[in-house]
Amino acid sequence: MTAPTLPPHSDPTTTAPAPGPLGETLHTQVIGWFDDNARDLPWRRPEAGAWGVMVSEFMLQQTPVSRVLPVYEQWLSRWPRPADLAKEAPGEAVRAWGRLGYPRRALRLHGAAVAITERHGGDVPAEHAQLLALPGIGEYTAAAVASFAYGQRHAVLDTNVRRVLARAVTGVRYPPNATTAAERRLARTLLPEDDRTAARWAAASMELGALVCTAKNESCARCPIAAHCAWRLAGKPEHEGPPRRGQTYAGTDRQVRGKLLAVLRDAHTPVPQALLDRVWHEPVQRARALDGLVADGLVEPLPGGLYRLPLT
DNA sequence: TAGGCGTGGAC
DNA sequence: TGTCCAAGCCT
């Protein structure tokens, strides 16, 4: 039997929607693969609830699953409901965040818990627009929580799904640097009609990108839609266009901020300036990094040249 | 909209 | 070793 293939979309902005039968083939095969290969992750279990899903989504932003797992377990154990976290000082959230990286996420998650407690009676809202209004929740996370926690029908367009669609449908190795309107349109076009299948498709296509259709060393031999993949059928052409933006780190303010915050996380009493000065030799950059942390609300300055994680 | 924002594992 | 990468958000 010959499986249908997806023609490359030379211009996804103007091409017609993908045909229904083909989309159904993709859904069936990717969801079938997911049924056999999905990882058993704690936030996918029913007992995780919407709060567990939401916490996991914050932690997983730009952060690998393996590093999230232990922090997630401790977090949910300590703060099983949004109101539990809302009662804490924001600095405690930053401390519990540990070395997950991007600690502003901890501050925003705390802020979201406060907003949920004040505006939504302590329950994670189910409406996409209400989720989007919470701090730290953007287009992706709102769709993910609504889909994974509440079974709704949303295009869940993360980096994994974008890569899967770029390859399988558009026929290129990598998606654009920033999410485009064409990608959103394509994702909506491919969304299954009914809520339950759409939610399943969202989780399954993400998992395929995370485990098989990876950025490097993709494993087409294990891919359930390899027979339809436009990129593979085109001979897996190399990436064209502007180089993908790399992240520099060594010597940046980010590195200095990380070192400063590490000292404050480990301290349970206010820290004198002199102790912070030891993390970085260059005084101008050091001061700029500390000022930035204060401006972001990650560090609270006290009289007498003392600093601590924020109490309010 | 391009760039800032942490951290550590893989190759 | 250095480079790339990991379920983004915000300004």
Side-chain angles (χ1 to χ4, degrees), chain A residues 34 38-39 41-44 48 52-72 94 97-109 111-112 131-149 154-164 173-181 183 187 199 202-211 213-218 239 242-265 279 285 288-289 291-293 295-299:
Chain A
F34 186 61
R39 290 168 291 180
L41 300 170
W43 44 86
R44 286 179 175 163
V53 171
M54 184 175 142
V55 169
S56 77
E57 291 301 336
F58 270 76
M59 292 183 173
L60 287 164
Q61 292 168 5
Q62 305 282 282
T63 308
V65 166
S66 60
R67 299 234 312 280
V68 165
L69 283 169
V71 184
Y72 172 87
V94 174
W97 199 253
R99 306 187 68 80
L100 276 186
Y102 292 145
R104 290 190 291 194
R105 292 181 293 168
L107 226 41
R108 290 170 182 155
L109 181 51
L131 288 163
L132 200 55
L134 297 173
I137 294 192
E139 183 181 339
Y140 160 76
T141 303
V145 173
S147 180
F148 301 153
H154 293 281
V156 180
L157 202 52
D158 80 321
T159 188
N160 290 304
V161 176
R162 294 180 62 218
R163 189 173 53 249
V164 168
R173 196 182 205 325
Y174 294 124
N177 275 330
T179 306
T180 63
E183 288 181 273
S205 54
M206 278 182 64
E207 190 80 335
L208 186 64
L211 298 184
C213 193
T214 47
K216 289 161 55 171
N217 301 321
E218 69 279 355
H239 182 65
R244 314 171 74 214
R245 184 160 51 90
Q247 313 159 324
T248 54
Y249 183 64
T252 61
D253 287 4
R254 283 159 76 181
Q255 186 181 15
V256 185
R257 286 166 58 107
K259 288 177 177 294
L260 290 169
L261 213 51
V263 172
L264 293 166
R265 270 199 312 264
V279 309
Q285 188 179 26
R288 186 173 63 231
D291 286 349
L293 288 170
D296 287 346
L298 283 163
V299 172

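Naming convention: chains lettered A, B, ... in sequence-line order (proteins, then strands); numbering from 1 in each chain.
- Going from atom CZ of A/Arg265 over to atom CH2 of A/Trp97 covers 11.5 Å, rounded to the nearest 0.5 Å.
- As judged by a 4.0 angstrom heavy-atom cut-off over every strand, A/Trp97 is placed among residues making no nucleic acid contact.
- Rounded to whole Å, atom P of C/dC4 lies 12 Å from atom NE2 of A/His239.
- Atom P of nucleotide C/dG8 and atom CG of A/Leu131 are separated by 17 Å, given to the nearest angstrom.
- To the nearest whole angstrom, the two C1' atoms, one in C/dC9 and one in B/dT1, are 14 Å apart.
- Distance check on atom C1': C/dA7 versus B/dA2 gives 22 Å, rounded to whole Å.
- A side-chain donor-acceptor contact under 3.5 Å links A/Glu183 to the backbone of A/Thr180.
- Here the CG-CZ distance, from A/Leu293 to A/Arg104, works out to 9.5 Å after rounding to the nearest 0.5 Å.
- When atom types are taken as modelled, the side chain of A/Glu57 and the backbone of A/Ile137 share no donor-acceptor pair closer than 3.5 angstrom.
- Nucleotides B/dA10 and C/dG8 have their C1' atoms positioned 22 Å apart, rounded to a whole Å.
- For A/Tyr174, the ring pair (Phe, Tyr, Trp, His ring centres under 6.0 Å) partners at least two apart in sequence or on another chain are A/His239.
- Other residues, nucleotides and ligands place no more than 12 heavy atoms under 6.0 Å from the CD atom of A/Glu139.
- Put simply, CE on A/Met59 is 13 Å from C1' on C/dA7, counting in whole angstrom units.
- When rounded to the nearest whole Å, the span between CG of A/Asn177 and P of C/dC9 equals 17 Å.
- Taking atom C1' on both B/dC5 and C/dA6, the two are 15 Å apart, rounded to the nearest angstrom.
- Residue A/Tyr174 is in sugar-phosphate contact alone, with no base atom involved, counting any heavy-atom pair closer than 4.0 Å across all strands shown.
- Rounding to whole angstrom units, CD of residue A/Glu218 and P of C/dC4 are separated by 17 Å.
- Taking every heavy atom of residues 133-142 of chain A and every atom of DNA chain C, pairs under 4.0 Å involve A/Pro135, A/Gly136, A/Ile137, A/Gly138, A/Glu139, A/Tyr140, A/Thr141, by number.
- The 5' end of DNA chain C is approached more closely, in terms of each residue's nearest nucleotide, by A/Asp158 than by the other of A/Leu132 and A/Asp158.
- A 4.5 Å side-chain heavy-atom check between A/Val161 and A/Val156 finds every atom pair outside the cut-off.
- As judged by a 4.0 angstrom heavy-atom cut-off over every strand, A/Ala144 is placed among residues making no nucleic acid contact.
- When the P atom of C/dA6 is taken as reference, atom CG of A/Leu69 falls 17 Å away, rounded to whole Å.
- Separating the CE atom of A/Met54 from the P atom of C/dG8 is a distance of 16 Å, rounded to the nearest angstrom.
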Quick one: what's the B/S/- string for nucleotides 4-11 of chain B, heavy-atom cutoff under 4.0 Å, read 5' to 3'?
BBBBS---
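- The separation between A/Arg163 atom CZ and C/dC4 atom P is 16 Å, rounded to whole Å.
- The main-chain N or O of A/Phe148 is never found under 3.5 Å from a side-chain atom of A/Arg44 such that the two would form a donor-acceptor pair.
- Atom-to-atom distance recorded for A/Lys259:NZ and A/Arg254:CZ is 14.5 Å, nearest 0.5 angstrom.
- Put simply, CZ on A/Arg163 and CE on A/Met206 are 10.5 Å apart, with the number rounded to the nearest 0.5 Å.
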